[in-house]
S.K.: 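My questions all concern the structure below.
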Amino acid sequence: MSEIARIILDGIEYELPVFEGTEGEKAIDISSLRAKSGYITLDSGYKNTGSTKSSITFLDGEKGILHYRGYPIEQLAEKASFLEVSYLLIYGELPNVEQLEWFTKSITMHTLVHEDMRRFFEAFPTGAHPMGILSSMISSLSTFYPESQNPNRPYKDIEKTIHRLIAKMPTLAAQAFKNSQGHPINYPNNKLSYTSNFLHMMYALPSNDYEVDPVVEDALNKLLILHADHEQNCSASTVRIVGSSQANLYSSVSAGIAALWGPLHGGANQEVIEMLETIKADGGGLQKWVDKAKDKTDSFRLMGFGHRVYKNFDPRAKIIKKAADDVLVKLGVDDPVLDIAKQLEEVALKDPYFIERGLYPNVDFYSGIIYRALGIPTDMFTVMFAIGRLPGWIAQWKEMIEAGDPIGRPRQIYTGATARDYVELKNR
Ligand code: MLT
């Protein structure tokens, strides 16, 4: 017998069905409420509202749990490759040997981007933010591959579009970086793994025979896996609602990239380093900035601490913290900004003010440290987040289509002027 929720409105009792998920989460299904009662619900930012049913990612903010298709993130980060996890998120199961070979080969075949896209890079102003470039480039892929625009979305077109997107994202990201450096671009080397190929495209120079450091590759593989999906976060919800209008995958993901760019979302890792650089430029003394963070009258806030969903700790941060320590030791990085980060981490983990408020170092804090240690420029940090989140966006978009979800069209409560007549200009 499924549960029923009862709500009394204007003296009338209404019954609404309760839906329970596989992990015991419960929701009141309000899809019939307006038709029955004329009422809608109101929840700015949808923090207490489920937009869909999904079998991709489960997270428990109170317990610090994060699973992709049921597999704990700790095990995937330790044992899987990013392409394995991408396959898992998109197709629902871990691939066997043949499936992983097929998936890897298909993606490898599509790593090149059309040469005409080089002209787009040249058209951007010097210093253009790579997230603005990436969002534009990903959207423009739909013009090179018009079969992606078929609103009927035959499966063969969807699959090719998905593989092309996974393959070309690192190529376009690396080319945006090289373009911003005024360096010649590197073409993909399909003998390398997905992660190593990206590092090669980013760092190989005509003057150096760039070799991928296994510690760096492992850290990046973990970072991409840990960022791969996070249920209905801002950018995933953006991808879903754009895709719900039958917009193509490239356009939907381009919108997701734009949403991720925001400092309150994926842009937080860039904000972390910029905050640390501000502290360094101010002399590096931490206490002043810790006091500012505690001062309610001061607008300064510590970036990279706490999380809107995880109340006690971000499970991803625990894994990335270890990877960050390994990278700093292995690369022998001596960076005063990263020294400040380690001091700030120590304060946040010991100071009752931060502990009581759940302001622990989060995934953005540690990923910013690793990206900086890898020599990735600060304005490329959110691009790295986008590369990691791509399979999650694709999986959410694909699930939305396969579930036959309707076009997203939220309601509102109007609070503006009530009906009034037009006033001639001379009488205003
Ligand atoms: C994410 O991974 O998308 C961020 O932690 C933000 C979120 O989940 O709301």
Side-chain angles (χ1 to χ4, degrees), residues 23 25 43-52 54 56-69 71-74 76-77 82 85-86 88-89 131 134-135 169 220 222-242 252-253 255-272 301-321 323-324 358-371 381-397 399-400:
E23 288 281 359
E25 297 168 305
D43 181 20
S44 287
Y46 317 111
K47 293 183 182 60
N48 305 285
T49 299
S51 59
T52 189
S54 178
I56 299 169
T57 292
F58 169 70
L59 65 84
D60 181 320
E62 283 65 32
K63 296 175 185 166
I65 291 172
L66 177 57
H67 294 170
Y68 292 160
R69 300 285 190 183
Y71 294 98
I73 193 71
E74 294 79 5
L76 294 172
F82 178 60
V85 171
S86 300
L88 171 66
L89 288 169
M131 282 296 278
L134 188 65
S135 179
M169 175 73 114
L220 189 53
K222 281 186 171 65
L223 277 166
L224 295 178
I225 287 172
L226 293 169
H227 284 84
D229 193 56
H230 214 235
E231 59 147 74
Q232 303 311 313
N233 59 85
C234 177
S235 53
S237 300
T238 302
V239 170
R240 275 183 174 258
I241 202 162
V242 171
S252 304
V253 167
I257 292 170
L260 187 73
W261 194 359
L264 295 181
H265 190 9
N269 54 23
Q270 174 171 342
E271 297 281 313
V272 166
R301 290 292 172 268
L302 285 174
M303 294 304 290
F305 292 83
H307 193 281
R308 63 182 62 81
V309 173
Y310 294 115
K311 299 312 169 198
N312 304 304
F313 65 93
D314 182 336
R316 302 169 295 180
K318 282 192 164 186
I319 299 165
I320 290 192
K321 170 180 168 50
L359 295 177
Y360 51 82
N362 63 24
V363 66
D364 301 314
F365 181 82
Y366 292 114
S367 57
I369 289 173
I370 294 184
Y371 292 144
F381 286 9
T382 313
V383 169
M384 301 305 295
F385 195 147
I387 296 172
R389 185 52 52 89
L390 180 61
W393 287 332
I394 291 170
Q396 298 282 350
W397 183 88
E399 183 178 69
M400 179 266 302

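As the structure lists them, so they are numbered: ligands from 1, and atoms in each ligand from 1. Both backbone and side-chain heavy atoms feed into the values below; hydrogens, waters and symmetry mates do not.
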S.K.: Is there a donor-acceptor contact under 3.5 Å linking the side chains of Trp397 and Ser252?
M.R.: yes
S.K.: For ligand 1, list all ligand N or O to protein N or O distances below 3.5 Å, rounded to 0.1 Å.
M.R.:
residue  : atom  : partner : partner atom : Å
ligand 1 : 2 (O) : His230  : ND1          : 3.4
ligand 1 : 2 (O) : Arg316  : NH1          : 2.7
ligand 1 : 2 (O) : Arg389  : NH2          : 2.8
ligand 1 : 3 (O) : Arg389  : NH1          : 2.8
ligand 1 : 3 (O) : Arg389  : NH2          : 3.4
ligand 1 : 5 (O) : His307  : NE2          : 2.6
ligand 1 : 5 (O) : Arg316  : NH2          : 2.9
ligand 1 : 8 (O) : His230  : ND1          : 2.5
ligand 1 : 9 (O) : Arg308  : NH1          : 3.4

S.K.: Looking only at side chains, do Asn312 and Glu62 share a donor and an acceptor under 3.5 Å apart?
M.R.: no
S.K.: Do the side-chain N and O atoms of Asp314 and Asn362 include a donor-acceptor pair separated by under 3.5 angstrom?
M.R.: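 The answer is no; no qualifying pair exists.
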S.K.: Under 6.0 Å from the NZ atom of Lys63, do we count more than 12 heavy atoms belonging to anything else shown?
M.R.: no
S.K.: Without hydrogens or angle criteria, can the side chains of Ser54 and Glu399 be said to hold a donor-acceptor pair below 3.5 Å?
M.R.: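 There is such a pair (donor and acceptor under 3.5 Å, judged by atom type) between the side chains of Ser54 and Glu399.
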S.K.: Tell me which one of Arg389, Gln396, Arg240 satisfies side chain to side chain contact (heavy atoms under 4.5 Å, CB included) with Ser235.
M.R.: Arg389
